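Let me begin by presenting the structure, written as structure tokens, before commenting on it.
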Amino acid sequence: MTETSETRRASCHCGAVVIEALLPQGLASASRCTCSFCRRRAAATVTAIASKVTVLKGADNLTLYTWGTHTAQHYFCKTCGIYTHHQRRSNPEECGVNLGALEGVHPWELEPLPYSDGINHPSDRN
């Protein structure tokens with residue numbers, strides 16, 4: 001995989017939510033996380049710059065899930081339940097975007113994906 005900055009669109013299953021995001025490393029940042037939430041959700045993500053994630057359609061159809069420090073903010077479509085993106089706790093200036101929601105991307109073609117150690121995330125971070 002080449003590390004090339006690119007802008008990509010992602011959407012939920014029903015199409016009610018569409019986002020656009022700048023991926024500074026393109027698809028090369030694709031990974032999974034071992035934290036309790038990501039492990040259960042099982043969606044691989046790519047890294048986006050938080051300030052460059054734009055909801056193009058359906059902002060009113062997004063619902064937010066947060067817990068603990070409330071730094072990580074996970075967004076889902078209210079209609080179909082698909083996770084679209086989240087602001088990261090490890091670096092709030094980044095977002096994770098659902099790899100499977102990106103237009104024209106087949107996540108299975110990028111496997112195996114590396115894992116980030118979300119289980120041992122520092123507990124003192126706000």
Side-chain angles (χ1 to χ4, degrees):
M1 283 184 267
T2 58
E3 292 189 24
T4 305
S5 177
E6 57 184 286
T7 298
R8 292 269 189 155
R9 285 192 180 192
S11 61
C12 64
H13 188 257
C14 71
V17 176
V18 177
I19 66 170
E20 188 171 77
L22 175 62
L23 313 178
Q25 300 170 347
L27 299 179
S29 66
S31 68
R32 298 183 186 280
C33 175
T34 63
C35 81
S36 62
F37 186 67
C38 292
R39 183 176 70 241
R40 287 170 176 84
R41 184 184 62 214
T45 64
V46 289
T47 299
I49 298 170
S51 63
K52 301 292 184 182
V53 174
T54 305
V55 179
L56 300 175
K57 177 182 172 188
D60 58 335
N61 210 53
L62 283 171
T63 189
L64 172 66
Y65 178 70
T66 186
W67 76 100
T69 66
H70 302 285
T71 303
Q73 298 180 357
H74 298 261
Y75 294 93
F76 298 81
C77 173
K78 290 180 187 178
T79 304
C80 66
I82 294 298
Y83 150 72
T84 55
H85 66 292
H86 74 283
Q87 182 174 349
R88 291 189 169 148
R89 180 174 176 225
S90 60
N91 182 352
E93 294 180 8
E94 292 180 350
C95 279
V97 176
N98 182 347
L99 180 65
L102 290 173
E103 293 178 359
V105 175
H106 303 116
W108 56 91
E109 293 175 351
L110 302 175
E111 294 286 358
L113 294 174
Y115 279 80
S116 61
D117 186 4
I119 291 172
N120 296 304
H121 189 280
S123 61
D124 61 342
R125 203 166 155 109
N126 292 324

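As the structure is a prediction and not an experimental result, all values here were calculated from the model.
- For Arg9 and Glu103, the salt-bridge test fails: no basic side-chain N is under 4.0 Å from an acidic carboxylate O.
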Check your understanding: Please walk me through it: do Leu102 and Leu27 pass side chain to side chain contact (heavy atoms under 4.5 Å, CB included)?
Key -> CA-CA 10 Å; Leu102 290 173; Leu27 299 179; 3.9 Å; yes
Review point. So His74 and Trp67, side chain to side chain contact (heavy atoms under 4.5 Å, CB included) or not? Walk me through it.
Key: CA-CA 10 Å; His74 298 261; Trp67 76 100; 3.6 Å; yes
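- Contact between Leu113 and Ser31 at its shortest, heavy atoms only, is CB-CA, 4.3 Å.
- Note that OG1 of Thr69 and CZ of Arg89 are 4.5 Å apart. Values are rounded to the nearest 0.5 Å.
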Only distances under 3.5 Å count here; give the side-chain donor-acceptor pairs of residues 46-57 to other protein atoms, sequence neighbours excluded, each with its distance to 0.1 Å.
from, atom 1, to, atom 2, distance (Å)
Thr47, OG1, Arg88, NH1, 2.8
Thr47, OG1, Arg88, NH2, 3.4
Lys57, NZ, Gly15, O, 3.0

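- By the 4.5 Å heavy-atom criterion applied to side chains, His86 and Phe76 are not counted as neighbours.
- The OG1 atom of Thr45 lies 9.5 Å from the CD atom of Glu94; values are rounded to the nearest 0.5 Å.
- Hydrophobic clustering, with ILVMFWY side chains joined whenever heavy atoms are under 4.5 angstrom apart, groups Ile19 together with Leu64.
- Within the 4.5 Å cutoff, side-chain heavy atoms of Asn61 are placed close to those of Val17.
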Practice item. Check the pair Thr7, Glu20 against side chain to side chain contact (heavy atoms under 4.5 Å, CB included), reporting the backbone distance first and the verdict last. Key: CA-CA 7 Å; Thr7 298; Glu20 188 171 77; 3.3 Å; yes
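- Under the 6.0 Å cut-off for aromatic ring centres, Tyr65 and Tyr83 do not qualify, their centroids lying 6.0 Å or more apart.
- Linking Ile, Leu, Val, Met, Phe, Trp and Tyr residues whenever their side-chain heavy atoms come within less than 4.5 Å leaves Val105 and Ile82 in two separate clusters.
- Below 30°, between 30° and 60°, or above 60°: for His85 and Tyr75 the angle between ring planes is below 30°, a parallel geometry.
- Pairs of residues two or more places apart, or lying in two chains, that qualify as salt bridge (Lys or Arg N to Asp or Glu O under 4.0 Å) and include a residue from residues 105-115 are Arg32-Glu111.
- Counting heavy atoms from C-beta outward, Arg39 and Cys35 have side chains that stay 4.5 Å or more apart.
- Here the side chains of Leu23 and Thr4 are not in contact, with every heavy-atom distance at 4.5 Å or above.
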Practice item. Test side chain to side chain contact (heavy atoms under 4.5 Å, CB included) on Leu22 and Ser5 and set out the steps. Key: CA-CA 7 Å; Leu22 175 62; Ser5 177; 3.3 Å; yes
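- Contact record, Ala72 with Thr66: O-OG1, 2.9 Å, taken as the closest heavy-atom pair.
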